[in-house]
Amino acid sequence: EESYNEHKKVGEYAKENGIDMLITLGDFNKAFEKGFVCDENRKNYKGFKNYSKAIKYILENIEEGDAVLVKASRSMKFEKIVNKLNADNC
């Protein structure tokens, strides 16, 4: 439960600080969503269970000038996402 609440707080922080879109991957998607989503930004949250779907979504939706923060614990191996974005010159 503590991990759930901490991930929910990250979603709340993103919402409160004007993050346009939150894309999450992993076991705590529901916690991030609970913290981030409200009626005004419901379409601006996407949660994924696997890397390939997350990467595909990001590559199809990223636009020039977008800032992307990739944040995870080392165990999540998010370098897969960063490497793909770099390979596609994003």
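Scored by the side-chain hydrogen bond (donor to acceptor under 3.5 Å, both in side chains) test, D39 finds no partners at all (sequence neighbours excluded). Applying the salt bridge (charged side-chain N to carboxylate O under 4.0 Å, His left out) test to K53 and every residue at least two apart in sequence or in another chain returns nothing. Residues forming a side-chain hydrogen bond (donor to acceptor under 3.5 Å, both in side chains) with E6 (at least two apart in sequence, or on another chain): K9. Listed by chain and number, the residues in a side-chain hydrogen bond (donor to acceptor under 3.5 Å, both in side chains) with S52 are N50 (sequence neighbours excluded). By the ring pair (Phe, Tyr, Trp, His ring centres under 6.0 Å) test, F32 is found to be paired with H7, residues two or more places apart in sequence or in another chain being considered. Scored by the side-chain contact (heavy atoms from CB on, under 4.5 Å) test, Y57 finds M21, I23, K46, F48, N61 as partners (sequence neighbours excluded).
Identified under the side-chain hydrogen bond (donor to acceptor under 3.5 Å, both in side chains) test for residues 20-34, with sequence neighbours left out: T24-N29, T24-Y45. Residues in residues 57-68 take part in these salt bridge (Lys or Arg N to Asp or Glu O under 4.0 Å) pairs, two or more places apart or across chains: K56-E60.
Here the closest non-hydrogen pair linking L25 and K49 is CD1-C, 3.7 Å. Here the shortest heavy-atom pairing between K15 and C38 reads CD-SG, 4.2 Å. A pairwise comparison of heavy atoms in K84 and I55 identifies CG-CG2, 3.3 Å as the closest pair.
The closest side-chain heavy-atom distance from L85 to L59 is below 4.5 Å.
Cluster membership check: F36 shares its hydrophobic cluster with Y4, using side-chain heavy-atom separations under 4.5 Å among Ile, Leu, Val, Met, Phe, Trp and Tyr. F28 and I19 fall within the same hydrophobic cluster, where Ile, Leu, Val, Met, Phe, Trp and Tyr residues are linked whenever their side-chain heavy atoms come under 4.5 Å apart, directly or through other members.
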